[in-house]
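As the structure is a computational prediction, the values presented were derived from the model and not from experiment. We name chains A, B, ... by the order of the sequence lines, and we start the count at 1 in each one.
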Amino acid sequence: MPELPEVEVLRRELEPLLRGKRIVRVEIRDPRCSFPKEAVEGKTVTGVRRLGKYLLFDLAEGGYLALHLGMTGKLLLAKENVPQKHERMDILLSSGEHLLFCDTRRLGKIAFLQEGKELSEKLGLDPLSPAYTLENVRALLEGRRRLKDFLLDQRGICGIGNIYASEILFRARLHPERALSSLSEAEKARLFVAVREVLEEAIEERGTTIRDFRRTLGEEGNFQHLLAVYGKSHCPSCGTPIVRKVIASRSTYFCPRCQPPEGKGETP
DNA sequence: AGTATAACCTGTCTGC
DNA sequence: TGCAGACAGGTTATAC
């Protein structure tokens, strides 16, 4: 469920709520979520960062808790210790609040890390970081891979998932199966801009709730109402029926007219 | 090198 | 109503 916008929405909501609070106790409810909890108990949260789809909770005495929400992970801040469905971890804070990690499909992951190395090594350029420049993106757009595969690969640009990949490619008017090496300079620039625009708009709308995504207090996002092609039947721009095709092993939606395949298209 | 598939999981929806 | 199969925002390992 959570792609960069959803994780960023959580980060922005959690940061002011958690900063300065101490982790009193951690209760692991699912062995799959186990980590050395002694490493975080008693420590104070100094900030909440995001890298790609990871949430990072910085701790005062060094190190941080890294959380990946997988497909169905949720983070809820509750005043009372009311058991939630699929609760995997309960973090009791010095304020008496509980930060609950719930995850139906159990694909989420938690780890305590000392340095940023492990994560930044396997993650590429974050679209919201200052390093996200046309120059840097252009350097990644080489090889014969298809655009869809590139966008889903967290080692190139990180944070984009299956929904936003389709939305970004529609915005950039690029066919998902176009090869990176076939892109003109103008097309590379369109892709660069589309990534930023779509993700930022989704953040403004507080993320996309199709099924599982919930904000810190349980509210839904709003961007699902603004999706252009994902799960849609007709192109909002020209009315042509939207094509659904499995690309990179995932459902991919595009407008065959606005996003022409390689060879056709581009009228400069 | 690039792509596909399965695996890890649980839940929901569709069609017979 | 029951049941099989497809599908779902994630990553990773393995195979062709």
Inset, instruction - For B:dT5 versus C:dA6, give the span between their P atoms, rounded off to a whole number of Å. - result: 13 Å
Inset, instruction - Please report, rounded to the nearest Å, how far the P atom of B:dT5 is from the CZ atom of A:R250. - result: 14 Å
Inset, instruction - Have a look at A:R144 and say if it touches a base, only the backbone sugar-phosphate, or nothing, with a 4.0 Å heavy-atom cut-off. - result: sugar-phosphate
Legend entry - Verify same cluster id: A:L180, A:I168 (apolar side-chain graph, 4.5 Å): yes
Inset, instruction - Remember a base hit wins even if backbone is also touched, and classify A:K109 as base, sugar-phosphate or nothing at under 4.0 Å, heavy atoms. - result: nothing
Legend entry - Polar side chain donor-acceptor pair, A:E97 to A:S95, under 3.5 angstrom: yes
Legend entry - Nucleotide B:dT10, atom C1' - distance to CG of A:L69 in whole Å: 16 Å
Legend entry - Side-chain ion pair, A:K37 and A:E27, N-O less than 4.0 Å: no
Legend entry - Selected nucleotide, minimal atom distance to A:K53 side chain, candidates C:dA8, C:dG10, C:dT12: C:dG10
Legend entry - Whole-Å gap separating C1' (C:dA8) and CZ (A:F213): 16 Å
Legend entry - Phosphate OP1/OP2 of B:dT10: any A:R106 side-chain N/O under 4.0 Å: yes
Inset, instruction - Assert yes or no for the condition that the ring centre distance of A:F192 to A:Y132 is strictly below 6.0 Å. - result: yes
Legend entry - Residue mapping more 5' on DNA chain C - nearest nucleotide basis, A:Q154 or A:R244: A:R244
Inset, instruction - Under 4.0 Å between any heavy atoms, over every strand shown, what does A:K85 touch: base, sugar-phosphate, or nothing? Just pick one. - result: nothing
Legend entry - Sidechain N-carboxylate O distance under 4.0 Å for A:D153, A:R145: yes
Inset, instruction - Please state whether the phosphate of C:dA8, meaning OP1 or OP2, lies under 4.0 angstrom from any side-chain nitrogen or oxygen of A:S251. - result: yes
Inset, instruction - Scan A:G143 against the nucleic acid and name what it touches under 4.0 Å (heavy atoms): base, sugar-phosphate only, or nothing. - result: sugar-phosphate
Legend entry - Between P of C:dT11 and CG of A:L4, the distance in whole Å: 11 Å
Inset, instruction - Kindly say whether, by distance alone, the side chain of A:R105 makes a donor-acceptor pair under 3.5 Å with the base of C:dA8? - result: yes
Legend entry - Pairwise P distance for B:dT10 and C:dT1, with rounding to whole Å: 26 Å
Inset, instruction - In whole angstrom, give the distance that lies between atom CG of A:L107 and atom P of B:dT10. - result: 9 Å
Inset, instruction - Could you give the distance separating B:dA6 and C:dG5 at their P atoms, to the nearest angstrom? - result: 14 Å
Legend entry - Distance in angstrom units between A:L152 CG and B:dT3 P, rounded: 12 Å
Legend entry - Sugar-phosphate, base or nothing in reach of A:S166, heavy atoms under 4.0 Å: nothing
Legend entry - Earlier contact from the 5' end, DNA chain B, for A:I247 and A:H86: A:I247
Inset, instruction - To the nearest Å, give me how far apart NZ (A:K74) and P (C:dA8) are. - result: 18 Å
Inset, instruction - For A:S249, answer base if it contacts any base atom (sugar-phosphate contacts may also be present), sugar-phosphate if it contacts only those atoms, and nothing otherwise; contact means non-hydrogen atoms under 4.0 Å. - result: base
Inset, instruction - Ignoring backbone atoms, test whether A:R146 places a side-chain nitrogen or oxygen under 4.0 Å from the OP1 or OP2 oxygen of B:dT3. - result: yes
Legend entry - Whole angstrom value for the distance that separates C1' of B:dT10 from CG of A:D30: 12 Å
Legend entry - For A:Q154, side-chain contact (heavy atoms from CB on, under 4.5 Å) partners two or more places apart: A:K53, A:L123, A:C158
